[in-house]
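Data first, discussion second: the structure below is written as structure tokens.
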Number of protein chains: 2
Amino acid sequence: MERELLLLGLLRRTDMHGYQLHEFINQNMVSCIDLKKPTAYFLLEKMADKGWITQTETHEGNRPPRRVYQVTAEGERVFQRLLRENLAEHHPARFTGDIGLTFLDTLLPSEARDLLLVRRAALREELENVRAIPVHSGSSQLVIEHRARHLQTELDWLDELIERLG
Amino acid sequence: MERELLLLGLLRRTDMHGYQLHEFINQNMVSCIDLKKPTAYFLLEKMADKGWITQTETHEGNRPPRRVYQVTAEGERVFQRLLRENLAEHHPARFTGDIGLTFLDTLLPSEARDLLLVRRAALREELENVRAIPVHSGSSQLVIEHRARHLQTELDWLDELIERLG
DNA sequence: ATCGATATAGTCAAAATTGACTAATCAGAA
DNA sequence: TTCTGATTAGTCAATTTTGACTATATCGAT
């Protein structure tokens, strides 16, 4: 759901059409996410179906029509929910593309802090688990060591973020 | 291609059938990759089509037949190529699931070292680029800072790995 | 004014991925 | 022994994702 979070978050700032959204993401968030154009349109259509956003077709001359999207009241509620979920959950497979960070400033620092505390707990647990993997399991020692390092970096980062907020 | 690299690498060690492969990956490499069962079978079929592996159907009583896979000579060549590509390339979107590490010990330390040197160069370049992003670009400062940290961790890790090998 | 190159805006068929399923076997409890 | 739940082995339809495409507009050079 973090792609939906991103699209909602951007549209909440400014109404945009599909191409514009995709361009923005491609220019400013490459390091964060790789969202292909057709996927963006696909997600937008799905979100429109669910009533999270509405489309306004604008015809200009002979051009292909542009569909500008606006976040609905329901979409706003979904954004709020997704943002909180994203911040509180520890997604084990990604230290990159932490979309929630982009919209952290839309929350009260105290609430943001509480959500990150939940995440930190899960992160700590995983780090302990990884450190507890016996040497002669089927998994590669290098892979485990590598992961432990990034988990530690993530933990340090969260610690600092939490401190900044509190 | 790193899923193919993984499957080839595992099959190169021991012949296995699809379910076995999936189980092994799921038990020992969760932190590394999330390969769903149907995707595993899909990839195996594709690899068999390309002649990288061969299937041997074994019927046992009334069971659904098991297809045991073996790496062909061509598959072995592809494995060697994919491993080298994987080690030398800096994949910007993942600090997790570095499959190449699992099979690093199949190379001569000196060659492994050379490949990782290429990767380190690309990594350094990205870190510089990320650090050079102006504060008032469209991207979130937190996201950039977050990425820079993990890139630095990755760089330190590579430095150490390279030293260990040289 | 016109030609080519690039930017804008979106679509589509083909390929890949997934959740949910079938179906047989096995291990232990009643 | 027979029932139940877990394990083994793989498949399938529906959903998602992608590369390649259409088509107009715009901008700079000739």
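The chains referred to below are lettered A, B, ... by the order of the sequence lines, with proteins before strands, and numbering in each begins at 1.
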Are the side chain of B:Arg119 and the backbone N or O of B:His90 linked by a donor-acceptor pair below 3.5 Å?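 Checked: no pair found.
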Determine whether a donor-acceptor pair (N or O, by modelled atom type, separation under 3.5 Å) exists between the side chain of A:Asn86 and the backbone of A:Leu82.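 Answer holds: no.
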A:Ala40 vs B:Arg67, nearer the 5' end of DNA chain D by closest nucleotide: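 Counting from the 5' end, the first nearest nucleotide belongs to B:Arg67.
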So, is [X] near the phosphate of [N], with a side-chain N or O under 4.0 Å from OP1 or OP2?
X: B:Arg3; N: C:dA16; result: no
X: A:Arg66; N: D:dA25; result: no
X: B:Lys36; N: C:dT17; result: no

Just the rounded figure in Å: distance from [atom2] of [N] to [atom1] of [X].
X: B:Leu7; N: C:dA16; atom1: CG; atom2: P; answer: 14 Å
X: A:Leu44; N: D:dT16; atom1: CG; atom2: P; answer: 14 Å
X: B:Gln55; N: D:dG10; atom1: CD; atom2: C1'; answer: 12 Å
X: A:Phe42; N: C:dC12; atom1: CZ; atom2: C1'; answer: 14 Å
X: A:Glu45; N: D:dT17; atom1: CD; atom2: C1'; answer: 14 Å

Spell out yes or no: do the side chain of A:Lys37 and the base of C:dG10 have one donor N/O and one acceptor N/O closer than 3.5 Å?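 Yes, a donor-acceptor pair under 3.5 Å.
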Contacting residues from residues 12-35 of chain B, given that a heavy atom lies under 4.0 angstrom of DNA chain C: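 Heavy-atom cutoff 4.0 Å gives no residues at all.
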Linking I/L/V/M/F/W/Y whenever their side-chain heavy atoms sit closer than 4.5 Å, directly or via other members, would B:Tyr19 and B:Leu8 fall into one cluster?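 No.
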Side chains of A:Asp159 and A:Arg120: does their closest heavy-atom pair fall under 4.5 Å?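 Of all side-chain heavy-atom pairs linking A:Arg120 with A:Asp159, at least one is under 4.5 Å.
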Any ring-ring contact (aromatic ring centres under 6.0 Å, His included) involving residues 115-163 of chain B? Give me the pairs, sequence neighbours left out, ordered by first then second residue.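 Those involving residues 115-163 of chain B are A:Phe95-B:His150, A:His146-B:Trp157, A:His150-B:His150, A:Trp157-B:His146, B:Phe95-B:His150, B:His146-B:His150.
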Distance-only donor-acceptor check, side chains B:Gln141 and B:Glu145, under 3.5 Å: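 The criterion, which ignores hydrogens and geometry beyond distance, is not satisfied for B:Glu145 and B:Gln141.
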Set of ring-ring contact (aromatic ring centres under 6.0 Å, His included) partners for A:Phe79, sequence neighbours left out: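 Testing A:Phe79 for ring-ring contact (aromatic ring centres under 6.0 Å, His included), a comparison that skips the adjacent residues, returns A:Phe103.
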So if I take every side-chain heavy atom of B:Tyr41 and compare against D:dT11, D:dT18, C:dA16, which nucleotide ends up nearest?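 Of D:dT11, D:dT18, C:dA16, D:dT11 is nearest to the side chain of B:Tyr41.
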